Peer 1: 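Encoded as structure tokens, here's the structure I'll be asking about.
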Amino acid sequence: KVLVIAPHPDDETLGCGGTLFRHKAEGDEIYWVIVTAISVDTGWSDKAVKIRDAEIKASAKKYGFADVFNFRFPTTKIDTYPLSDLVEKINGIIRKVSPEIIYMPFIHDVHTDHQIIASAVQSTIKWFVHPSIKKVLMYETLSETEFNYIGDKVFRPNVFVNISEFLNDKIDTMKIYASELKEHPFPRSEKSIKALATLRGGQSGYQSAEAFELVMERH
């Protein structure tokens with residue numbers, strides 16, 4: 001069982017979409033947590049909310065997730081809630097799913113939502129609390145991870161997954177999020193996604209790859 005935790009819809013695709021498709025092809029059960037949401041109450045139009053809900057539904061169908069969990073914290077305002085609220089919700093999902101592998105955002109992404117969510121996940125992965133967890137990896141998110149320039153807190157991948165057969169699936173899924181995918185040199189562009197996959201593939205000996213930073217692994 002594989003659980004991906006996405007601060008926002010599309011982070012799962014940018015960060016580990018090809019890997020999720022590979023897990024699915026290999027017969028693994030995949031699950032999706034979406035932490036934040038947009039709403040009319042937080043200033044979004046009813047049309048935008050309906051479009052986003054449709055995008056989530058279409059993406060879930062394409063991946064074939066066994067289940068999708070949407071916490072619906074307001075996007076960009078997650079720092080106004082106690083961290084314990086988020087930890088409790090993540091703990092609840094881990095208890096329900098009993099995942100062996102968890103994919104989480106990079107803890108030093110420039111987006112505050114990503115930082116807070118990664119901190120919350122870090123509080124939930126103690127082996128004696130959730131013994132099902134065998135491996136936790138942080139993914140990189142275009143437009144967030146690569147814009148962290150400060151100090152030594154940059155993304156240092158040490159795990160690479162061959163997604164050569166699944167890169168087109170990743171890109172096709174990203175196209176579902178029409179408002180988030182723009183022309184190069186915008187970071188979330190088809191060209192940028194392919195370029196990153198090529199770079200990570202060149203580092204690891206594959207045509208295309210996704211890269212991760214290993215947080216913990218138990219055998």
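Being a predicted model, the structure only gives us computed values, none of them experimental.
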Peer 1: Calculate, to the nearest 0.5 Å, the distance between atoms CD1 and CE belonging to Ile125 and Met104 respectively.
Peer 2: 6.5 Å
Peer 1: Mind running side-chain contact (heavy atoms from CB on, under 4.5 Å) on Lys135 and Leu214 for me, showing each step along the way?
Peer 2: CA-CA 8 Å; Lys135 186 185 293 187; Leu214 183 66; 3.8 Å; yes
Peer 1: Which pair of heavy atoms, one from Thr141 and one from Thr145, lies closest together, and at what distance?
Peer 2: N-OG1, 2.7 Å
Peer 1: Below 4.5 Å, heavy atoms only, C-beta onward: do Leu3 and Ile94 meet side chain to side chain?
Peer 2: yes
Peer 1: Just how far is it from atom CZ of Arg95 to atom CG of Asn91, taken to the nearest 0.5 Å?
Peer 2: 5.5 Å
Peer 1: Can you find a heavy atom in the side chain of Ser192 that is under 4.5 Å from one in the side chain of Phe186?
Peer 2: no
Peer 1: With a 4.5 Å heavy-atom cut-off, do Phe155 and Glu213 have their side chains touching?
Peer 2: yes
Peer 1: Check step by step if side-chain contact (heavy atoms from CB on, under 4.5 Å) holds for Ile78 and Thr112.
Peer 2: CA-CA 8 Å; Ile78 199 166; Thr112 305; 5.7 Å; no
Peer 1: Minimum heavy-atom separation for Trp44 to Val49, with atom names?
Peer 2: CB-CG2, 4.1 Å
Peer 1: For residues Ser143 and Val110, report the shortest heavy-atom separation together with the two atoms involved.
Peer 2: O-CG2, 4.3 Å
Peer 1: Just wondering, do Val4 and Val33 contact through their side chains at under 4.5 Å, heavy atoms?
Peer 2: no
Peer 1: Distance from Asp11 atom CG to Thr36 atom OG1, nearest 0.5 Å?
Peer 2: 8.0 Å
Peer 1: Do Ser189 side-chain atoms and Pro185 backbone N/O form a donor-acceptor pair below 3.5 Å?
Peer 2: no
Peer 1: For residues 149-164, which residue pairs pass the side-chain hydrogen bond (donor to acceptor under 3.5 Å, both in side chains) check, not counting sequence neighbours?
Peer 2: Asn162-Ser164
Peer 1: Between Lys1 and Glu100, is the closest basic N to carboxylate O distance under 4.0 Å?
Peer 2: no
Peer 1: Quick one: does Ser208's side chain get under 4.5 Å of Phe166's, heavy atoms only?
Peer 2: no
Peer 1: So which heavy atom on Val87 is nearest to which on Ser123, and how close?
Peer 2: CG2-CB, 4.1 Å
Peer 1: For Lys170, run the salt bridge (Lys or Arg N to Asp or Glu O under 4.0 Å) check against Glu210, Glu12, Glu165, Glu190 and tell me which one passes.
Peer 2: Glu210
Peer 1: Checking Tyr63 against Thr173 for the side-chain contact (heavy atoms from CB on, under 4.5 Å) test, could you report, in this order, the C-alpha distance in whole Å, the side-chain angles of both residues, the deciding distance, and whether it holds?
Peer 2: CA-CA 8 Å; Tyr63 280 112; Thr173 307; 3.6 Å; yes
Peer 1: Is it true that Ile34 and Tyr177 fall in one hydrophobic cluster, defined by side-chain heavy atoms closer than 4.5 Å?
Peer 2: yes
Peer 1: How far apart are the C-alpha atoms of Arg188 and Glu180, what are their side-chain angles, what is the distance that settles it, and do they pass the salt bridge (charged side-chain N to carboxylate O under 4.0 Å, His left out) test?
Peer 2: CA-CA 7 Å; Arg188 294 190 300 275; Glu180 301 295 333; 3.0 Å; yes
Peer 1: Would a 4.5 Å heavy-atom cut-off, applied to side chains only, mark Val121 and Ile90 as touching?
Peer 2: yes
Peer 1: For Ser98 and Ser132, work out which heavy atoms get closest and say how close.
Peer 2: C-OG, 3.3 Å
Peer 1: Same hydrophobic cluster for Trp32 and Ile117, using side-chain heavy-atom links shorter than 4.5 Å among ILVMFWY?
Peer 2: no
Peer 1: Any salt bridge linking Lys77 with Asp41? Criterion: basic side-chain nitrogen under 4.0 Å from a carboxylate oxygen.
Peer 2: no
Peer 1: Cluster question for you: counting only ILVMFWY and a side-chain heavy-atom cut-off of under 4.5 Å, with indirect links fine, are Leu20 and Leu142 together?
Peer 2: yes
Peer 1: Mind checking the CD-CD1 spacing from Gln115 to Ile107? Nearest 0.5 Å is all I need.
Peer 2: 8.5 Å
Peer 1: Does any N or O in the side chain of Asn148 come within less than 3.5 Å of the main-chain N or O of Ile150, such that one atom is a donor and the other an acceptor?
Peer 2: yes
Peer 1: Just verifying a value: how many Å separate Ile102 CD1 and Thr124 OG1, rounded to the nearest 0.5 Å?
Peer 2: 5.5 Å
Peer 1: Do Trp127 and Ile133 belong to the same hydrophobic cluster, where Ile, Leu, Val, Met, Phe, Trp and Tyr are linked whenever their side-chain heavy atoms lie under 4.5 Å apart, directly or via other members?
Peer 2: no
Peer 1: Do Val68 and Ile5 sit in the same hydrophobic cluster, where Ile, Leu, Val, Met, Phe, Trp and Tyr count as joined when their side-chain heavy atoms come under 4.5 Å apart?
Peer 2: no
Peer 1: From Arg22 CZ over to Ile30 CD1, what is the distance, rounded to the nearest 0.5 angstrom?
Peer 2: 14.0 Å
Peer 1: So, Lys24 and Asp28, do they make that salt bridge, N to O below 4.0 Å?
Peer 2: no
Peer 1: Between Tyr139 and Tyr103, is the ring centre distance below 6.0 Å?
Peer 2: no
Peer 1: If you take the centroid of each ring, where Trp contributes its six-membered ring, are Tyr206 and Phe160 closer together than 6.0 Å?
Peer 2: no
Peer 1: Please find out if less than 6.0 Å separates the ring center of Phe65 from that of Tyr31.
Peer 2: no
Peer 1: Please name the pair of heavy atoms, one in Pro157 and one in Ala211, separated by the smallest distance, quoted to 0.1 Å.
Peer 2: CB-CB, 3.5 Å
Peer 1: Do the ring centers of His111 and His8 come within less than 6.0 Å of each other?
Peer 2: yes
Peer 1: Take atom CD of Glu26 as the centre, draw a 6.0 Å sphere, and report whether it contains more than 12 heavy atoms from other residues, nucleotides or ligands.
Peer 2: yes
Peer 1: Report yes if some heavy atom in the side chain of Ile163 is under 4.5 Å from a heavy atom in the side chain of Phe21; otherwise report no.
Peer 2: no
Peer 1: Using modelled atom types and a 3.5 Å cut-off, is there a donor and acceptor pairing between side-chain atoms of Thr42 and backbone atoms of Ser39?
Peer 2: yes
Peer 1: Is the CD atom of Glu55 crowded by more than 12 outside heavy atoms at less than 6.0 Å?
Peer 2: yes
Peer 1: When you look at Lys89 and Phe69, which way does the side-chain contact (heavy atoms from CB on, under 4.5 Å) test go after all the steps?
Peer 2: CA-CA 10 Å; Lys89 282 187 170 292; Phe69 310 95; over 6 Å; no
Peer 1: Hey, is NZ on Lys191 packed in by over 12 heavy atoms from elsewhere, all under 6.0 Å?
Peer 2: no
Peer 1: Taking C-beta and beyond as the side chain, do Thr19 and Phe212 meet within less than 4.5 Å on heavy atoms?
Peer 2: yes
Peer 1: Crowded around Glu88 CD? As in, over 12 foreign heavy atoms under 6.0 Å?
Peer 2: no
